[in-house]
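Just below is one structure, and these are the notes that go with it.
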Amino acid sequence: MTETLPQRTPDKETLARMFELVTAINLTDERFRTLLSSGRARSTYYSPKGQECISAAFGALLRPDDYCVTMYRGLHDHLAKGVPMRELFAEFLGRVTGTCKGKGGPMHVTHPASGLMVTTGIVGSGLPIANGLAWAAKLSGTDQVTIVNFGDGASNIGAFHEALNLASVWELPVVFVCQNNRYGEHTRYEWATSASQVAQRAAAYEMPGVTVDGNDPVATYWAADEAISRARSGGGPTLVEAMTYRFWGHIFGDNMRYMPPEERKAAMDADPTVRYRNWLLEHGHLSEAELASIENDTLAAIDDAIAFALDSPPPGPDELYTDVYSETVVPA
Amino acid sequence: MTETLPQRTPDKETLARMFELVTAINLTDERFRTLLSSGRARSTYYSPKGQECISAAFGALLRPDDYCVTMYRGLHDHLAKGVPMRELFAEFLGRVTGTCKGKGGPMHVTHPASGLMVTTGIVGSGLPIANGLAWAAKLSGTDQVTIVNFGDGASNIGAFHEALNLASVWELPVVFVCQNNRYGEHTRYEWATSASQVAQRAAAYEMPGVTVDGNDPVATYWAADEAISRARSGGGPTLVEAMTYRFWGHIFGDNMRYMPPEERKAAMDADPTVRYRNWLLEHGHLSEAELASIENDTLAAIDDAIAFALDSPPPGPDELYTDVYSETVVPA
Amino acid sequence: MTDEVKVAKMTTAQAIHDALDLALAKDPKVLLFGEDVSDPSGGGVFHISEGLSTKYGEHRVRSTPISEQAIVGAAIGAAIGGYRPIAEIMFMDFFAVAMDQISNHAAKLRYMSGGQTGVPITIRTAAGAGMQFGAQHSEMLEAWVTHIPGLKVVVASNPADCKGLLTAAIFDDDPVVVIEPTLDYWVSGPVPEGEHVVPIGKASTARPGSDVTLITYGREVKFALEAAETLAGEGISVEVLDLRTLVPMDERAVLESVARTRRAVVVHQAVRRGGLGAEISALIHENLFGELEGPVVRVAGPNTPIPYAAELESLFVVDSADMVKGVRKAVQQTR
Amino acid sequence: MTDEVKVAKMTTAQAIHDALDLALAKDPKVLLFGEDVSDPSGGGVFHISEGLSTKYGEHRVRSTPISEQAIVGAAIGAAIGGYRPIAEIMFMDFFAVAMDQISNHAAKLRYMSGGQTGVPITIRTAAGAGMQFGAQHSEMLEAWVTHIPGLKVVVASNPADCKGLLTAAIFDDDPVVVIEPTLDYWVSGPVPEGEHVVPIGKASTARPGSDVTLITYGREVKFALEAAETLAGEGISVEVLDLRTLVPMDERAVLESVARTRRAVVVHQAVRRGGLGAEISALIHENLFGELEGPVVRVAGPNTPIPYAAELESLFVVDSADMVKGVRKAVQQTR
Ligand SMILES: Cc1ncc(C[n+]2csc(CCOP(=O)(O)OP(=O)(O)O)c2C)c(N)n1
Ligand SMILES: Cc1ncc(C[n+]2csc(CCOP(=O)(O)OP(=O)(O)O)c2C)c(N)n1
Ligand SMILES: [Mg+2]
Ligand SMILES: [Mg+2]
């Protein structure tokens, strides 16, 4: 898709699948922000808008039994890994029908049936856990791959380092996916990070590291494909850095004053969903009718899921005390 | 000193100073091990024997007002930074005349008067603190340099990563000295560390990194000189990896079965103190009389300090309760 | 407060800003750093330090990478090097990634060095549930830090004390953990202008009373006052003691009050098991056993992680109704 | 124990080895990892796992880098992936570098996932003073972990219980912290051969008595028994209750015993302020206030870091003389 670089084009099915995922993320985000500003629902919300192509590319490649670990800014990863919208949105809204009965919330979505194993709110802490999942798969002799998503800011925390080293010495089937959106909360990448690119840190672990345009689903697809294939075939871990941008700042309600307006405008003008749609159309991969059909179906599914979530009750008071231990209920 | 590499020779005074320090470390270690095996004293003891040239090289270059942070295996660093032997040995033996009144012990020697600011028992934890000392010096506009010593195993812990990144983005006057003795406790370097050399991790922080033969005091001297000068002149941090070997395993009493006997024998046959002595003699830098005089003086000082320590009383019971807070005594 | 002191209405966030501003102005050795604290990165995630890096320079008010060990470690080193650093750890749950620097180093270096290297740092942190931030951004972990000898710990219940305790912490020669109830940042109240110090180690009687002493701290003081008001209507006179400092605790104030009322209720948001309430309960029983009408009642969080759903979260959080129940229980007990 | 069970004399270290060996043999899902644990690296720093990697393979018994966050994280992930990992953290003081994985993840993932992802891991760790290892290698930090909902915590007082509790921990479906008193590794006693399980949550009466209940756990049980013997000579009959499990605590056993003796002394090595003794004290007062002859007496470490000098360290450590004093004090109290 990056016009200057000649590259292979995935098959139509894959292109369509990625468009479905990009669309699902893009439209869900739109709906969510409207829902929250209208006051019809309350949620802690870290918009992933701008980063949708990364999840879509990985989502098109991963199997349901592959493991995914992600973080508070995780809606795009959840959707791309196949977490069902109804349960997912219900979890965001704290309803008993949610993936975690409303007890985890957006920062802690878990859905083992679709391979979404952990969502953490602690920067960088998913990486060591991803190693464990990968180790389990390796010990069991399956060819399951584990991917773990994290931000550029997370590349400066201790857990990142410990995890990449261990993954390398143990040759684990894991893909470390750094979604570099140029900010950690309100702090610019350069202020916090001594490496020009996060991917260059892979060399410290003698692990392949690659930087890719994360707003280009096709480029990201091939980088993801290489990393996933390497992990699946016993070739060990890879660090993939996908360059991207957050359209809506850190958290819903962010004043975004620390983001230069020109920078943000440039990113939004190059909306990756729009670019991808245009490219698919221009190059004849999908017709306007096909694209519109995907969009309509997606929107219908989202609206259904939001209605489901809004109609669902909160967890009952007893839920406060369950799931603390494997025994059913603990005394208060 | 490494015969295959042509290199500059430091001036005689420096060579003599390094020999003094190497001798002090070597002989202290000998005396200590005898003292402990004879049962005349008890101490937690991590022998630095084999690593003496690294400390000597840095010690010959650092000023008293430069800061040093080190760790449990720190006797060589303590001596080279100028911690007075009497107080130092008394601290090792838990006497009230010790640098820390016997309350810290070998793992926690502190002596601000000689710039020895922190000795920690937690692997890697000295590095973030060294940054703070370096930051203080930078803010104060002095040209003090901070060095922090740690092992190869420490290069795998989170604190290492966080500290090197911060030092780089803040351009701190700090030298990270990795004393790579090929083992972390009983585990071989390769089993634990994904980088062939620790120094190659410097690139992840866009920081200069260098590997040097840490058993060659002259080579280490020049590497240290470059790193210290860089820090002193505002050029920021450096990672120096000095290759070495521990003669006596991890801790006094170690059965050392995990160390291949040939490997250990080879290292001991190339005893760096002996090699340096011979080299000084062969190349006419110091005469036998000069060397022997240094050795005799050192031995006398060590024996005096050991006698002082052995004769010193333990801290009185009230010391249990003091120094918890800045207020004199806390209630028990 | 004397008549000369001017008082302004401020939010807690503003009161903290004020304390930081005055401390930075007063002593060039005071430093402030943490994630996002400088102006190019928005002046702190709660905008508390907005303007300070512009005023005092980015060398003194500095944004850091997301590296809590490096943050606390740098504070310790700079303190040993002669400074008075204030390190910000965004949420108290993140103490978990920096506990080694906090416990093994900040708290112990003075002792281990035989008194040579004190560590005059302040660690500011936001804590507490009620914002639907879930299990990893809502904890009150005062029990961890009050169990570590060498640390002092303070928690304010109102904007004025927030300013005064923070100021005391910054100029204290020991490491002080300042716990700031997150939800209180937007709560306002009267705050003395200019330098204002609330001494470390002194509790305050938030409301005098004679039937029962309700001992608490932080955000729960407000609810305790509400509970006391409700109970006054039932003829129960509640004395509300606001601890303000958790270590060193004002044991005298606690014991003096309970000796008078002969009944005590201890309240905190943190989970009950091993919470600070147990320590206070033990302390009171050890000293006043024969004088009590009944055992000390603890009102605290349930022994569960903090749930996300608003309905469950509000059940988790101790409120004035829970305190009313606790006080009634205490009052029903008679020897 | 029935007559059929053979008993062998073993050190605690051997008993732990035995438990690990049997668990690894029984269930291929059991894994053991940590620093130095495999045979090429000496089979553990205390040689406890010697032989196990040779027997079960280095894929199951594996040495790790010095990376405690990575160790606990890998245990959590592998547990969610279907295994029963045992992670070794060499000394409990090093929990400080891994508290985030322990507290924010191992303990909470079951709850946060609404029950979907349990974390059946065991974290083994050596703890306690007495070896002159100084302030950073000697702490008992049970107060930190017992305050974290979602964790279970056990501490054994003898080799047999060490084996039995560890076995129970490994096969428990929740994260269990197993605290092993370092000095006890070299202490020996009778240990049942073959599989031996001591159920989690059950205290044991180490010595029956009628005048006062001494409640303790871990290494202090031995000294409590010595103290009880001494006190028997003075005509004071001490019941020694060995908690064995700290969470979930056997509150019934505690309350049943104290209800009988009407006097309680709680003992631990950890520092007094905020120690688990406070929780036990509060618990007893809350439940038995009217039946007690006097307040629960706490015998615990002073509120200081742990000093290096042998003379100071032995002052720091609670011993049987301290317990004797505590019991005498409890007995003198009469309503
Ligand atoms: C250990 C820890 N420190 C601080 C925070 C607060 N925090 C939440 S998100 C965030 C920024 C993370 O930036 P990045 O890794 O780049 O991810 P992004 O939010 O940009 O996707 C911070 C500092 C946290 N959650 N955990
Ligand atoms: C955080 C932490 N984990 C584990 C230990 C136990 N430990 C003490 S020394 C050591 C080995 C360190 O190896 P290295 O860094 O190479 O230093 P060396 O001892 O070889 O000089 C370990 C694992 C510790 N002190 N701190
Ligand atoms: Mg980012
Ligand atoms: Mg080493």
Side-chain angles (χ1 to χ4, degrees), chain A residues 42-44 72 91-96 98 100-108 120-125 151-160 183-188 191-194 249-251 254-259 313-324 330-332, chain C residues 34-47 49-50 53 58 62-71 73 90-91 93-98 100-101 131-139 271-273 300-317 322:
Chain A
R42 208 188 117 75
S43 175
T44 314
Y72 53 92
E91 190 60 32
F92 269 65
L93 304 196
R95 309 300 161 110
V96 72
C100 312
K101 300 189 271 183
K103 295 165 76 164
M107 291 211 238
H108 307 303
T120 183
I122 306 295
V123 169
S125 291
D152 47 296
S155 77
N156 296 322
I157 202 156
F160 166 92
Y183 288 87
E185 226 151 71
H186 308 168
T187 299
R188 288 186 74 83
W191 256 97
T193 314
S194 51
H250 179 58
I251 190 172
D254 189 336
N255 70 22
M256 296 189 276
R257 279 206 293 260
Y258 57 89
M259 291 158 81
D318 290 351
E319 282 296 345
L320 177 58
Y321 306 103
T322 62
D323 304 320
V324 182
V330 283
Chain C
E35 291 152 18
D36 303 329
V37 303
S38 75
D39 290 331
S41 35
V45 69
F46 298 108
H47 305 292
S49 45
E50 223 165 73
S53 74
E58 301 222 13
R62 206 169 171 90
S63 288
T64 65
I66 306 172
S67 314
E68 279 80 4
Q69 295 192 64
I71 293 170
M90 202 177 291
F91 284 102
D93 314 68
F94 313 158
F95 270 44
V97 291
D100 169 60
Q101 289 295 335
M131 320 241 303
Q132 280 200 268
F133 277 171
Q136 295 177 337
H137 285 67
S138 308
E139 285 186 299
V271 304
R272 177 186 177 93
R273 184 176 62 231
N303 295 325
T304 72
I306 298 169
Y308 170 72
E311 294 77 6
L312 295 184
E313 190 187 30
S314 72
L315 263 187
F316 176 93
V317 175
D322 299 318

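Convention: sequence-line order gives letters A, B, ...; per-chain numbering from 1. From a predicted model like this one, the values you see are computed outputs, not experimental measurements.
Contact annotation for A:Asn255: only side-chain heavy atoms (C-beta onward) come within less than 4.5 Å of a heavy atom of chain C. Using a 4.5 Å cut-off between heavy atoms, A:Arg95 makes no contact with chain C at all.
Between C:Pro302 and A:Leu320 the shortest heavy-atom distance is CG-CD2, 3.9 Å. When all heavy atoms of A:Gly316 and C:Leu312 are compared, the closest pair comes out as O-CD2, 3.4 Å. A:Val324 approaches C:Pro305 most closely through the heavy-atom pair CG2-CD, 4.0 Å.
At least one donor-acceptor pair closer than 3.5 Å links the side chain of A:Thr44 to the backbone N or O of C:Gln132. The closest donor-acceptor contact from the side chain of C:Tyr308 to the backbone of A:Lys101 lies at 3.5 Å or more, if one exists at all. A distance-only check finds a donor-acceptor pair linking the side chain of C:Asp36 to the backbone of A:His186 [under 3.5 Å]. At distances below 3.5 Å, not a single donor-acceptor pair connects side-chain atoms of C:Glu311 with backbone N or O atoms of A:Pro314.
Counting only heavy atoms from C-beta outward, the side chains of C:Gln136 and A:Thr120 approach each other to under 4.5 Å. Two residues are said to be in side-chain contact when any heavy atoms from C-beta on lie closer than 4.5 Å; C:Ser41 and A:Tyr183 fail this criterion. A heavy-atom distance below 4.5 Å is not found between the side chains of A:Thr193 and C:Pro65.
Note: A:Asn156 CG to C:Thr64 OG1 = 9.5 Å, rounded to the nearest 0.5 Å. Considering OG of A:Ser125 and CZ of C:Phe94, their distance stands at 9.5 Å, rounded to 0.5 Å. Taken to the nearest 0.5 Å, the NE2 atom of C:His137 stands 4.0 Å off from the CE atom of A:Met107. A distance of 6.0 Å separates CG in C:Leu315 from OH in A:Tyr321, rounded to the nearest 0.5 Å. Here C:Glu35 contributes atom CD and A:Trp191 contributes atom CH2; the two are 14.0 Å apart, rounded to the nearest 0.5 Å. In this structure, CZ on A:Arg257 lies 10.5 Å from CG on C:Asp39, to the nearest 0.5 angstrom.
Per-residue heavy-atom pair counts under 4.5 Å with chain C were compared for A:Ser155, A:Gly105, A:Gly184, and the maximum is reached by A:Gly105. Here A:Arg42 is the residue among A:Glu319, A:Arg42, A:Arg188 with the most heavy-atom pairs under 4.5 Å with chain C. Chosen from A:Gly98, A:Pro315, A:Gly158, the residue pairing most often with chain C at heavy-atom distances under 4.5 Å is A:Pro315.
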